[in-house]
> 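Quick one: this structure, given as structure tokens, is what I'll be asking you about.
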Amino acid sequence: MKKLVVKTLEGASVIVALIVGVFLMNTIGVESILRGKEEPVTLAMTEDGLQEDFVGRPAGDDIPRITDIQEWDDTWASSCVTIEPLSVIPTGIGARYSWVGAYTNASRRGGARRKADVTRTSLDFMGEYGEYFILQLPDQSYILAQLPKDVARKVKAGKEVTLPVGKKDGVHRQVLANIQDLCDEYNVNTEGVFYCINDQWNQSHSMMVQLIRLGICLGTTLVLGTILIMIVDKVLKVKD
């Protein structure tokens, strides 16, 4: 009977360690850590380059700030802007990033499987989907936004944050269909989404980021699982 209890607790320890590993894999800002400290983008820089070269990078002091809903309505899709939001509300729904392939790799049992265009972010273990957030502007109105998860966590924690340089992008209609009730609750302006994720960097480093995420998950599971199993064995005084 004692051996059965020990085996059950050891199995539970591995499951707990795996859950913690998955949690850390999806919460640690691997991208931000790898990119390190970057030079802020100035307005003059945006006038001499392509918009995609600057979106997702730190915003300098002279990058236009969107402070109210009228300024957001007047923002051009080609403009480089930023926001200093009051708060952020997760929707739990994300759209597949443009750099993520639409199909999985072919397997022995059959051909490649098409990935969903939209999914719940709680099921996005590999960071392939950009969550839609509801962002509160300084005038207390609300818009939609896609921003790095670690940045969203800072805003949610109440920190004063200047978002990376972003652009006004089109709203994914399938996402909107899934979050319409939440948008109605906050009277969200759904004519466009503020997008401030660095697609170029993520596309060129996607494999490295995924390997690091898997390493975090497996490493945490191995180390924490071993510790928990040792604790179980010590408490119950298991003998070889």
Side-chain angles (χ1 to χ4, degrees), residues 1-38 56 85 87-97 99-101 104-105 107-109 113 115-116 118-134 146-161 164 178-179 182 197-198 201-202 204-240:
M1 181 65 181
K2 185 176 180 180
K3 288 185 177 180
L4 178 60
V5 172
V6 170
K7 291 296 182 183
T8 301
L9 290 177
E10 287 179 345
S13 297
V14 174
I15 294 174
V16 169
L18 179 59
I19 292 173
V20 173
V22 172
F23 174 77
L24 291 177
M25 178 180 73
N26 287 317
T27 54
I28 294 177
V30 175
E31 296 88 346
S32 297
I33 294 173
L34 290 177
R35 285 166 59 184
K37 189 175 180 60
E38 296 178 297
S87 64
V88 65
I89 302 167
T91 67
I93 301 295
R96 180 164 43 81
Y97 286 120
W99 68 82
V100 176
T104 59
N105 294 329
S107 64
R108 293 180 180 178
R109 295 182 178 181
R113 179 177 60 84
K115 297 178 182 178
V118 170
T119 191
R120 293 191 176 278
T121 51
S122 59
L123 303 176
D124 178 27
F125 300 116
M126 298 308 298
E128 296 181 328
Y129 293 78
E131 182 172 1
Y132 269 60
F133 294 91
I134 294 176
Q146 284 182 283
L147 54 148
K149 290 182 179 179
D150 54 337
V151 175
R153 281 192 291 272
K154 291 178 182 178
V155 178
K156 192 175 181 179
K159 297 181 180 180
E160 294 184 1
V161 176
N178 281 273
I179 63 174
L182 191 59
I197 296 171
N198 192 325
W201 188 94
N202 282 284
S204 60
H205 294 80
S206 60
M207 182 60 70
M208 180 189 299
V209 169
Q210 288 196 354
L211 289 175
I212 292 175
R213 287 186 188 279
L214 286 174
I216 291 172
C217 181
L218 294 176
T220 302
T221 302
L222 178 62
V223 173
L224 182 58
T226 300
I227 293 173
L228 292 176
I229 289 173
M230 290 175 62
I231 292 174
V232 168
D233 291 348
K234 185 174 182 178
V235 170
L236 296 180
K237 297 180 180 179
V238 176
K239 296 181 180 181
D240 294 334

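Treat the numbers as computed from the prediction; the structure is a model and nothing was measured. Reckoned from all heavy atoms, side chains included, excluding hydrogens, waters and symmetry mates.
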> For Ala17 and Gly225, work out which heavy atoms get closest and say how close.
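Heavy atoms only, the tightest pair is CB-N, 3.4 Å.
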> Determine the minimum heavy-atom distance between Glu31 and Val209, stating which atoms define it.
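Residues Glu31 and Val209, closest heavy atoms: OE2-CG1, 3.7 Å.
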> Could you please spell out the steps behind the side-chain contact (heavy atoms from CB on, under 4.5 Å) verdict for Thr119 and Arg96?
CA-CA 8 Å; Thr119 191; Arg96 180 164 43 81; over 6 Å; no
> What are the two closest non-hydrogen atoms of Phe125 and Asn26, and how far apart are they?
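The pair with the smallest heavy-atom distance is O-OD1, 3.2 Å.
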> Using atom types as modelled and distance alone, determine if a side-chain donor or acceptor of Ser204 lies under 3.5 Å from a backbone N or O of Trp201.
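Side chain of Ser204 to backbone of Trp201, a donor-acceptor pair under 3.5 Å: yes, one is there.
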> State, to 0.1 Å, how close Leu182 and Pro90 come at their nearest heavy-atom pair, and which atoms those are.
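Taking Leu182 first and Pro90 second, the nearest heavy atoms are CD2-O, 4.2 Å.
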> From Ile15 CD1 over to Thr221 OG1, what is the distance, rounded to the nearest 0.5 angstrom?
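It comes to 11.5 Å.
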> Which pair of heavy atoms, one from Asp124 and one from Lys149, lies closest together, and at what distance?
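In this case the closest contact between Asp124 and Lys149 is OD2-NZ, 4.3 Å.
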> Quick one: does Thr91's side chain get under 4.5 Å of Thr121's, heavy atoms only?
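No, their side chains stay 4.5 Å or more apart.
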> Is any side-chain heavy atom of Val30 less than 4.5 Å from a side-chain heavy atom of Met208?
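Val30 vs Met208: side chains apart.
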> Does Ile93 reach the side chain of Arg120, with side-chain heavy atoms less than 4.5 Å apart?
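SC-SC contact between Ile93 and Arg120 confirmed.
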> State the CD1-CG distance between Ile19 and Leu24, to the nearest 0.5 angstrom.
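Those atoms lie 12.0 Å apart.
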> Please tell me if the side chains of Met207 and Leu211 come closer than 4.5 Å, counting only heavy atoms from C-beta onward.
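Answer yes - side chains close enough.
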> Between CD of Glu10 and CD1 of Ile229, what distance do you get to the nearest 0.5 Å?
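Those atoms lie 5.0 Å apart.
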> Tell me, do Gln210 and Glu128 make a side-chain contact under 4.5 Å, heavy atoms counted?
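Side chain of Gln210 against side chain of Glu128, heavy atoms only: contact under 4.5 Å found.
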> How long is the span from the CG atom in Leu9 to the CG atom in Asp233, to the nearest 0.5 Å?
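The distance works out to 9.5 Å.
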> Are the side chains of Tyr132 and Asn178 in contact, using a 4.5 Å heavy-atom criterion?
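A side-chain contact is absent here, since even the closest heavy-atom pair is not under 4.5 Å.
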> Taking Leu123's backbone N and O only, do any of them form a donor-acceptor pair with Tyr129's side chain (distance below 3.5 Å, no angle check)?
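Checked: no pair found.
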> With a 4.5 Å cut-off on side-chain heavy atoms, are Val232 and Ser13 touching?
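Sidechains of Val232 and Ser13: in contact.
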> Considering non-hydrogen atoms only, spot the tightest contact between Val151 and Leu147 and give its length.
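Looking at all heavy atoms of both residues, the shortest contact is CG1-CD1, 3.9 Å.
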> With the side chain counted from C-beta on, respond yes when Ile212 and Leu34 share a heavy-atom pair under 4.5 Å apart, and no when they do not.
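Yes, at least one pair of side-chain atoms sits under 4.5 Å.
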